Structures are given as C-alpha cells and as structure tokens.
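Remember, predicted model here, so these are calculated numbers, not experimental data.
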Amino acid sequence: MASCGQSEVTGMATIHRHVELRYDPVALDKKWQERWERDGHHRVSDDDPRPKWYELVMYPYPSGDLHIGHWYHYAPADCHARFKRMQGYNVLHPMGFDAFGLPAENAAISRGIHPQTWTMSNIEYMRGQLRSIGAIYDWDREIVTCLPEYYRWNQWLFLKLYQQGLAYRAKAPVVWCPSCNTVLANEQAVNGNCERCDTPITRRDLEQWFLRITDYADRLLDFNNLTDWPQNILTMQHNWIGRSEGVEISFDISSHGLEVKEISTFTTRIDTIFGVTFLVLAPEHPLVPLLTTGEQSGQVEAYIAKARQTSDIDRLSTETEKTGVFLGAYAVNRLNGERLPIFIGDYVLITYGTGAVMGVPAHDSRDFVFAQKYRLPVRIVVAPISWDGSELAEAYLGDGFMTNSGPYEGMTNEEGKEAIADDIEKNAWGKRAVSYRLRDWLISRQRYWGTPIPMIFCDHCGIVPVPEEDLPVLLPPDAEFKPTGESPLAAHQGFLNTRCPKCAGPARRETDTMDTFFDSSWYMLRYVSPEHSDGPFDPGKALEWLPVDQYTGGAEHAVMHLFYARFFIKALNDMGLINFDEPFSRLFNQGVILAEDHARMSKSRGNVVDPDEIVGELGADAVRCFLMFIGPWDQGGPWSAVGINGVSRWLNRVWDILGRDPDDLQKHPTDPQAVRATMRQLHQTIRKCHNDLERFKFNTAIAALMELTNHLNKVWAEAAIDPATWRECVEKFLLLLAPIAPHITEELWEMSGHSGSIHRQDFPTWDDESAAEELITLVVQVNGKVRDRLEVPADIEEAAAQELALASAKVKSFTEGKSVSRTIYVPGRLINVVVE
RNA sequence: GCCGAAGUGGCGGAAUGGUAGACGCGCCGGUCUCAAAAACCGGUGGGGGCAACCCCAUGUCGGUUCGACUCCGACCUUCGGCACCA
C-alpha cells in the first residue's frame, strides 16, 4: 500500500470521473432530502392503523466522523426498513447517539475541550452526514444519551434495579486499566489488555457497583424465543455463560482449631474424589492467612505479592507454568480420611466456583503438571479402557471404570458421579451445585463522562438511594478531568457534598459513573417516546412498538451489548414495567467493510475511504447501491473505488431508460413473444427482489434488477414490445429500485407524471403464472456429463423427454455400443441417461 | 489448544444435490471521433483442435450418489470467537 495519502485521494477522484453522469445525483440528493424533511416524510405516527415494524440499527458513538463502515451498516438497513414500509408496515427506524464514553473525556484531557462541547458538536456534524444517506430516520425521535433527559432514566432504572436487589455494592478484585485509570467490565478486557487502549490490565480490590446478571444466567441461556438470531451469537452467549453442573464438596480442616472447619471446593468430576492428592486455593482466598504456618509464611507472602503484580495477560495465559506454594497445612478428604497438603496457586481463580480446587492429577491436565512439578502423588481412579496399570504420561480425561475408589469400585464413572454425590449430600459434606463462568456485571467507572450513579453515603444511615423526585443527579459541568484513579467527581466539592435524604445530615455522593453499556441496554425503549417525562418510556407505546422486529449491528457485541440488553428486558419484565421477555426478535449481523487492500481500514494504514467525498461526486444512491452490491451483507468485503463506477453507470442507464418516450415503440410492429418474455422477466424479478430483500440478500436483488434493465435495453433496441408493456415494466422496475436508491427513483417517479412520493407506494407483487417459463433448456446428460441441450416446452412429459434425449445425435455418440440401464428425469431441468 | 465460519476466473461475487462462473469490475476487439475520454456493441476460466467438438477445472485427498461448489470423513489455509472456569 502506497503511503502517499494526498496523491491517492486525487487519484481516486480521477477514477470516479471515468463515468460521465447523465444526471446530477448530487442535486437530486439535496432536492429530495430537503423536500422529505420539509414534508415530514419520515415522521412516524403512533396511531397508524397499519401493522407496526420496528427496525433498529445499533446507534453510533459520536466520534465526529461518519466513515464508510457506518454507511455499510446503515444504508442496507435503511433499504430493508423502506422495503417493509412499502410492504404496508408502519415502520419505526430511529437514530440516536451513544454519547457518553471515554473518547470525549480523552479529548478534554488532550485538547482542553469540554466533553459536552466535543460530543455535541460531533453530533451536530454527524447528523448532517447521516442525513446524506437518505435514510428514513425520524429525527423527532432522536436520542442523545449524554443529555439529562436521557440519563435521568438511567438513574431511575438503576434505582429500580437497586430496589429489586439487582444492583449491589461489593468489594471485589476488579479488572483495572492503569492507562485509562478505571475499572473495566470483564468483557472489556480483551486478551488481558484494555479493549480501548491495549494496555495490559491489572487487578485491584475496590468497592464497586454490580448488577446481578448471574441471577438471570439460566434464563439468558434459554434461546427459545431467539430462533431468528444467528447461531454463532447464541453459541458465544452460551459459552460466555459457561454453565457447569457439579458438586460443592468440603474438606475437613477442623484440626487447625480455626473458627472455619472446612474448605469448600467445586468440581464437575466428583467421580474422581478418591484421586485427590492435594488442594489448591486461590492466592486471594480468605483462609490463606489463617492456614499458613509460620515456617511457610515468608514464601507464601512473597508468592501472593508476586501474583498481585503479575498482569492478567501472564496470569491467564495457558502457556504460563503452573506454580504454587505449600501453606504448611493439611485438610482431610472425608470420603477416605486421607490427609492432603494445601497449596496456593495462581492458576486457581478466586472469582470462579469457591476459589479452591481439589487436585486430581490423574484426571485433570492442570493438576497433572502441578503434581509433577511439586512431586505430588498421582492416583488413577477412573481406569482408561485397556489400562495396564502403568503410570500416565498425561492426565486421563475420558470415561472408564472406577478404581481405587472404595465402595464405588467397578462402577462406570458416570454411575460413580451420581452415587458419590448422593452420599455426599446424605452426609452433609457438600451438595450438587451449578457454577457459571459468567460474573456479575460491574458498572462503576471512575470517570467523568457518564451517568452519575444516584447513591449517597451517609455516616449514620449508610448507603441511601437518591429519592426519585430528586433525579436527575446532574453531572456538574465544571470538573477536573485528570485521571487519577478516582472519579473526577470526587474532587468536585459541590457535587460530592450533599445531605442525606433520610436524616438530612451531611453526606457524600457516589462519584463513580455508569458503564455506557447501561445506556444502550434499554435505548430501544426510549425511541418509542423520546419526550416522555413520567418515566423512561410510555408504557402504552412500548406495548405498541416492542419488541424490536429487526435489529442489525456488528457481531462484536455478542457478549456485551446484546447480552446486557437481554438481561435488562428480563429484569424490567419481572418488575412489571414491560410485558415481553426479549428485546430483539430478529437479529442480523452485517459484516465488515474492508479497504481495497483487503485489510481493515485504519488511519495508520492510510487506507480509509471517505464517504463524504464519494457521495459528493456520485451521489448517495450510487454509494448505497454499491455497498449492497459488493457481496452478501453478512460477509462484508473490500471496497473498490473502480467498482463503484459499475453501479454509477447502471444508474445512468436507469435514468436513460426512464427518459424514453414509450410511444416511440408504436412505430414498429410488436413481437408477442418478446412481450411475454418481458412480462415473464418482470414477474421473476419482482419475486426475486421480494425474496432477496426479505433475507438481506441485496447483492443478488440488485443483480436481478440489472438483468431486467439489460433486457429492457435489448427489447427497446429491437422495438419489440408495445408502449403499455414498456410503461408497466419501467414503472414496476422503479418501485423495486425505490428502497435501494431512494433519490433517483423519487425524481424519476415525479418526472413520469406521478403525484405523491414513490416511497408511499406498495411494493410490486408477482404471480407465479406470469413468472413461469414456457420453454426450457433441457439438459441431456450421459452418466452425469452434459452432452446436449434441447429447447423444449417447460411441461414436457418424461416419456417425450426421454425419446428426444435418446434421439440426440450427440447422445448417440456416447451411448453407441453400450446399453442404457436407466434414465433419470428431473422435470423442468434435465434428463440423465445412464449407460452400462 | 477448543469452538465457529469461509476457501469458486485477473478481481468482487452467483448457483432448492441437476447447464459452474449470473451480475458487476478489469481486460481485449469493434462503432463513434482528427484524436482521446465517455457512451454503445461483441468477446473474455485453462488446455487441445482449421472446425464440429473434446479434455481439465469450485483449497487438497478420499467417500456417498445416475449426478457433488453443494452432503459425509480427513487434511491444508484464512478469518472470527473463547482460552487455566476446576
């Protein structure tokens, strides 16, 4: 990739001029966008008698510039929404801004602009860019999450969640980004690095606000109402929740004379309980300081200190050697009375299960390497098939018969699991339990540009929620943004100091703000009544519009936004605020638009495509068409500066075709066969467009429309059809093209003498009879290889087809001297002659 | 390492188990032009043949089938996701 960015841009502009435009698309964009706006063409009424269709796109972050990736997301989605509208739906296709978040604050720090100023001016600019798409957004419904009218309802919802016990404060080891100086959600730590700035993350113990999403783990695992979601998203959510069934089993430590008499561990392999030869606790486990003997304390403390410093990327890597330190203490396995040494090891996570594991080196690969390193015994208790009693080279993870297992000897390990679990429960040594990989959702952020968490700390009353009538808790405009690790709000005395709502004594406000995923977890509800001031949404309107019928956005939100939104809707449903259980009925993930060099677009690579420039030259319709034409929407694909000329030329031809006077055709005799063929192709095209647009297969829909224009050009050149047929064809064609290219079709609709907008017309319908072929090309195969092609009536009978096939000279040359064993006939398709 | 998706002309891509390469880009030839661009018309997977035609070809190797880009198995490559979850 050449790095001379400047000359490349001019080079690209030259390429565009390879098409000489016969009409002025830029003028049309302006004319119609203004007129649609003036006429309130895109305003959506709540009292429309037609069935509703809520088509939602993931709203953008107002970074200040709409790039071609936004176009790739929004233009096809708009086409689909327009298509549904022409099908007779009252379509809500709203747009807004995900306006809180770090970049605004970083701009404030690096350039001295207030986040509010930066964000709002970006929004202002992006509104104009979004308008250039020509989409049917109803701007009266726009939402901007950083405005108090929106975020007060974040606070309101937070209070509701708190009342339900779904929001709580806890000290927890949290993911910390030392560069952003804030806590991150688990989901925002990517490969041990901060999602935003790529800095290796560390852990910190902090008092934080959490949402109890784990309470909903099982319900979030129920995908029965999500049959129209892509399977890969469901799989990701399934794995993210990571439900495992097992047993919590405790080991006796009463001999240590502590208040705590046992250590609890979680295992999915209780069948291996007789193979336990040691225990490992997470370094952060609360029993560690109590159990450590004086002799070992030096080593243990050093190990803990080191584990704290180790970045997550090292600690979580499967490559890292498993290390640990003996505490000097022992526990007893109650099933066989054995004494087991207790270790700490950083491969045990405090956040999963009970923070302690039973070490079964024979049947767990991690325990195996740990045992080897510290020379701990390895005892096989589930015998591999045809095991000869020799030692293992690696852990055996498969099934087998129980051995060295006391009363359970000889059972299959699956039977053993149940029998042992039963006995453990009978003796109250533990119980069957379910563990989840999923953690509660940490929503506290030590940053300024977010929704203040509406909580107050009072020395007398403890944690007191801000009363509803005191909302919103406004973000003070005059805060210092320097990231110190504490929220900037903590340094703002005016914000910090308040009165306790209960006792009216002096109190302090919570100074953390909310994760912006909180905002987007319910924004689809706000669009139905963006002005509503008695609650986050008008319940009647929510009832009317939701759930979202079609949601589109990137797959990168699989375990974050999409997951959180599902949780919110379930929680709100439980509170009786809404009456549905899933926010998005259908989900479609569009792919990623790549640069011409097939790499991801990035400023550093210098391969970014600027949509404004191309729209300013070729018009919005050409860009819309080309983005949809590149390939299947869910696959994404490379942009091509030359390729867009193809659709531009095509739109030129469309302009040309519609500009012809159909009466010119009267000067020539009409060919009835050509008329039938034309009508047939029209109906086939309508059918194909309908089916393809329904399923987001824009590329093949456009290809079919191109074929129709090619056909029309041909019959025009031959003057083979009559003016009435021509008129019907071009009119229906225009309607088919309308959702794809709204500006040119609106202009041509007006020019051909129609009053009213083309976009208020019905999408054309087809009938299969008119679309049916009269003649087909019957493929004749011999042993599966094509040997001849015959023009025959479409409804030809098998016997007749067989006779024709066998009579073919070409077929004869391949069957000569051989015997025909049978023929296979596929009606309307082919006949295959099988010889020998 | 595990899970998932995808590999088709020079390029983007099309094909309910039934004509592989629709549509478009690019390229080649022609028309128009003083010339070029644009536009329009025609051609365009590889190999062989004067030709009619024939052979080969959808990542690789097998399999199922009258027939496989499509279904099954193994492998290779690319791209996503997860990655000590006991």
So what does [X] touch, heavy atoms closer than 4.0 Å: a base, only the sugar-phosphate, or nothing?
X: A:E707; result: sugar-phosphate
X: A:S640; result: nothing
X: A:V786; result: sugar-phosphate
X: A:N710; result: sugar-phosphate
X: A:V834; result: sugar-phosphate
X: A:N832; result: base
X: A:F370; result: nothing

[options]: which one has an atom nearest the side-chain heavy atoms of [X]?
X: A:M706; options: B:rA86, B:rU19, B:rG24; result: B:rG24
X: A:D364; options: B:rC84, B:rC40, B:rA86; result: B:rA86
X: A:F814; options: B:rC66, B:rA38, B:rC54; result: B:rC54
X: A:R22; options: B:rA86, B:rG18, B:rC40; result: B:rC40
X: A:Y347; options: B:rC84, B:rA86, B:rC54; result: B:rC84
X: A:R829; options: B:rG26, B:rU19, B:rA86; result: B:rU19
X: A:W240; options: B:rA86, B:rC82, B:rA39; result: B:rC82
X: A:R787; options: B:rC56, B:rC23, B:rC54; result: B:rC54
X: A:R789; options: B:rG18, B:rA86, B:rU19; result: B:rU19

_Which residue in the set A:T815, A:I824, A:V782 passes side chain to side chain contact (heavy atoms under 4.5 Å, CB included) when paired with A:V834?_
A:I824

Before accepting this row, confirm whether a basic side-chain N of the pair [X]/[Y] lies closer than 4.0 Å to the acidic partner's carboxylate O.
X: A:E245; Y: A:R243; answer: yes
X: A:K810; Y: A:D788; answer: yes
X: A:E774; Y: A:R680; answer: yes
X: A:K306; Y: A:D346; answer: no

Separation of [N] [atom2] from [X] [atom1] (nearest whole Å):
X: A:I233; N: B:rC3; atom1: CD1; atom2: C1'; answer: 14 Å
X: A:L234; N: B:rG81; atom1: CG; atom2: P; answer: 17 Å
X: A:N589; N: B:rG81; atom1: CG; atom2: P; answer: 12 Å
X: A:W716; N: B:rC40; atom1: CH2; atom2: C1'; answer: 16 Å
X: A:L830; N: B:rA20; atom1: CG; atom2: C1'; answer: 14 Å
X: A:W650; N: B:rA39; atom1: CH2; atom2: P; answer: 16 Å

*Please list residues of residues 242-251 of chain A whose heavy atoms come under 4.0 Å from any atom in RNA chain B, ordered by number; otherwise none.*
A:S244

*Could you please spell out the steps behind the salt bridge (charged side-chain N to carboxylate O under 4.0 Å, His left out) verdict for A:D364 and A:R269?*
CA-CA 9 Å; A:D364 181 284; A:R269 291 297 305 275; over 6 Å; no

*Please report the C-alpha distance between A:N691 and A:R687 in whole Å, then the side-chain angles of each, then the deciding distance to 0.1 Å, and finally whether the side chain to side chain contact (heavy atoms under 4.5 Å, CB included) criterion is met.*
CA-CA 6 Å; A:N691 293 338; A:R687 181 170 59 192; 3.7 Å; yes

*Glycosidic class, syn or anti, of B:rG67 using a 90° window around 0*: anti

*Can you find a donor-acceptor pair, distance only, under 3.5 Å between A:Q781 side chain and B:rG18 base?*
yes

*Return yes if the base of B:rC53 and the side-chain atoms of A:K810 contain a donor-acceptor N/O pair under 3.5 Å, otherwise no.*
no

*Which value, rounded to the nearest 0.5 Å, describes the distance between A:N710 atom CG and A:I657 atom CD1?*
8.0 Å

Atom pairs under 3.5 Å: protein N/O with N/O of nucleotides 69-72 of chain B:
none

Ring-ring centroid check [X] [Y], cutoff 6.0 Å:
X: A:W441; Y: A:Y564; result: yes
X: A:F278; Y: A:Y374; result: no
X: A:Y436; Y: A:Y352; result: no

*If the sugar-phosphate is the primed atoms plus P, OP1 and OP2 and the base is the rest, what is the B/S/- string for nucleotides 43-49 of chain B, using protein heavy atoms under 4.0 Å?*
-------

*Could you run through nucleotides 5-14 of chain B and give me one letter per nucleotide, 5' to 3': B if any protein heavy atom sits under 4.0 Å from the base, S if only the sugar-phosphate is that close, - if neither?*
-------BSS

*asked:* Can you work out whether A:V357 or A:I702 has the more 5'-proximal nearest nucleotide on RNA chain B?
replied: A:I702

*asked:* Which label fits A:F698 and A:F696: parallel for a plane angle under 30°, tilted from 30 to 60°, or perpendicular past 60°?
replied: perpendicular

_Would the distance check show the side chain of A:H683 and the main-chain N or O of A:W766 forming a donor-acceptor pair, the cut-off being under 3.5 Å?_
no

*Yes or no on side chain to side chain contact (heavy atoms under 4.5 Å, CB included) for A:D367 and A:V280, after CA distance, side-chain angles and deciding distance?*
CA-CA 9 Å; A:D367 297 344; A:V280 189; 5.6 Å; no

What pairs of donor and acceptor atoms, side-chain ones from residues 625-636 of chain A against any protein atom, are under 3.5 angstrom apart with sequence neighbours left out?
| unit_1 | atom_1 | unit_2 | atom_2 | d |
| --- | --- | --- | --- | --- |
| A:W633 | NE1 | A:Y72 | O | 2.9 |

*Which dot-bracket string describes RNA chain B (Watson-Crick N1-N3 plus N6-O4 or O6-N4, or G-U N1-O2 and O6-N3, all under 3.5 Å; [ ] crossing; | other strand)?*
(((((((..(((.....[....)))((((((.......))))))((((....))))..(((((..]....))))))))))))....

*Evaluate the criterion side chain to side chain donor-acceptor pair (under 3.5 Å) for residue pair A:T351 and A:R439; output intermediate values, then yes/no.*
CA-CA 8 Å; A:T351 47; A:R439 309 291 148 75; 3.0 Å; yes

*Least distance between heavy atoms, A:D399 atom then A:V382 atom*: C-CG1, 3.9 Å

